[in-house]
J.: 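Dropping a structure here in structure tokens format, bear with me for questions.
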Amino acid sequence: MIKQRASLSSKKWGYAASVALVPYAILKLLWANGFAVLATRQGIEEMHASMQANADPISKWLYMNGIDATALLALIASLLALALVQQWGNKLPRRILLAPASLGGLFFVSISLVTFCKLMTGNINMADNPHFDPWVPTIVYGGFFVWGVTVSMAARSFGIRTRGPALPHSTRWWRRWPEWTRIAAIAWTATYGALGVYWSLGGPGFPLGLSNDPGAAASAFRHAAAETAGPVIVALCVLGVIVLYWFKFKASGAVRTILLSFAWSISFVLCFFVMDARALIVVAYAPVALIGSLLGGSFPFFESITLPVANQFVCLAGGMLWATAALTFGRRSREACEHCGRVRGTAHGPASSTSASRWGRRAAHVAIIAPAYYEITRIAWLFGIPLGISNEMLRDLQESGAAVAGAGLALVSIGGTVLTHGLIKPWGETFPRWFPMLAGKRVPPALALVPAGIVSILITVTGMQVVFDI
């Protein structure tokens, strides 16, 4: 265990990451200066012509002076790796180093693995570009992969070495959600209100209504228009900021009821009426598209994330912030615990816990069984079994590739079923022994509750749309 800890905290990872992109940077600089290294003269000339025609002004100016912009980025990446192991890096805020190192490492590993998979499956063929040596992808994407892995480990090492004393649970930001969710809800509401002003004044990008979103035929706001809905959004957001500010104080009686009714209504509209089935489609197809790209396939995933769909996720986030702010205010105004809702001085014995465990298990079992028919039929279609459909329809699904996509969605659903099972099993409360770095630690409730809540909202919205369309 001590050796493992020493390996994780070693500075060697940072030094390895600092040199991983050096070959790439040297190669790009040589090309920028006209040296035909691992490339033909014609290939270098075509690259220079492409930069002159398509590059942005800054990159074009740098290239004219023999500097490739990506080589500069590689230098910055190397300096980031050095900051994780040098003394001068300790003078910078930890998160400024840890965030780009961790996210950058994940991105570089992903893009290099996707590229190598496409090379092995033939989706990328170096014979199509004879002006560059076959070793070029190895130098470029091999460097990306090595930097991604080593900088991720360097970030882990830096985090271990610079970690301060353990904070009490009450001081961790996610434990203090009753304090900051109201402020976050105010910021969200004010920002969306500003967008409402922009749309009211004729600004483009209004995300509601069939005139702006042809896919909104099933939306509750399909008839909305910027000139009429914009002022309503502004008025509601102004009123919302006032209500959220009032949540700072105690209230009782009719005032408390009015404030809570307004807050829960706003949350309900944002979560269930702005959303439609496309949001669930994006979430469900995300892992399918990722795995497909790793295996060399292509899937138009990002084409489905249009501005109106992105707005749905923004409104979902706002609705959840409004819900947590209303929940906190409701509990505080009746002098209950803001975290659990229990009233001080009231006994909560084993009977209530046993009852919650009993109906929670029943609900989880229903959630596990409910998608079984969907999962079985989609997998059956993949193997050529026309379960619930005609042979002609099965043939069309297989020829179009929809059967494979459906099976992928079924696997995603099965994964969700397994995670749902974890809600009522010990391994859902404590990380299993085989889980890296977190083995034996308690699973934060939010790690289960937040994704489960989001997915339940998306599935409910889709079910409502199907029912009302019928």
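Basis for what follows: all heavy atoms, side chains included, without hydrogens, waters or symmetry-related copies. Quick caveat: nothing in here was measured; it's all calculated off a predicted structure. This chain uses plain numbering: 1 for the first residue, then up along the sequence.
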J.: Donor-acceptor check, side chain of Thr462 to backbone of Leu458, threshold 3.5 angstrom: yes or no?
T.: yes
J.: According to the interplanar angle, ranging from 0 to 90°, do the rings of Tyr245 and Phe249 count as parallel (below 30°), tilted (30 to 60°) or perpendicular (above 60°)?
T.: perpendicular
J.: Between Asn212 (side chain) and Leu208 (backbone), is there a donor-acceptor pair under 3.5 Å?
T.: yes
J.: Rounded to the nearest 0.5 Å, what separates atom CD in Glu335 from atom NZ in Lys250?
T.: 4.5 Å
J.: Can any side-chain N or O of Ser102 pair as donor or acceptor with the backbone N or O of Leu98 at less than 3.5 Å?
T.: yes
J.: Within the distance-only criterion (no hydrogens, no angle test), does the side chain of His365 pair as donor or acceptor with the backbone N or O of Arg361 below 3.5 angstrom?
T.: yes
J.: Is any side-chain N of the basic residue among Arg222 and Asp276 closer than 4.0 Å to the acidic one's carboxylate O?
T.: no
J.: Name the orientation class of the two ring planes belonging to Trp199 and Phe206 (parallel below 30°, tilted from 30 to 60°, perpendicular beyond 60°).
T.: perpendicular
J.: Going by the rule side-chain hydrogen bond (donor to acceptor under 3.5 Å, both in side chains), which residues pair with Ser219 if we only count those two or more places apart in sequence or in a different chain?
T.: none
J.: Could you tell me whether the side chain of Trp188 and the main chain of Val314 form a donor-acceptor pair under 3.5 Å?
T.: yes
J.: So with a 6.0 Å cut-off around OH of Tyr374, is the heavy-atom count from everything else above 12?
T.: yes
J.: Side-chain polar contacts of residues 378-391 - donor-acceptor pairs under 3.5 angstrom, sequence neighbours left out - could you list them?
T.:
{"residue": "Trp381", "atom": "NE1", "partner": "Leu387", "partner atom": "O", "Å": "2.9"}
{"residue": "Ser390", "atom": "OG", "partner": "Met393", "partner atom": "N", "Å": "3.2"}

J.: State whether the side chain of Ser261 and the backbone N or O of Thr257 hold a donor-acceptor pair below 3.5 Å, judged by distance alone.
T.: yes
J.: Under a 3.5 Å distance rule, please check whether Thr430 uses its side chain to pair with a backbone N or O of Trp427 as donor and acceptor.
T.: no
J.: Should Arg395 and Glu392 count as an ion pair when the cut-off is N to O under 4.0 Å?
T.: no
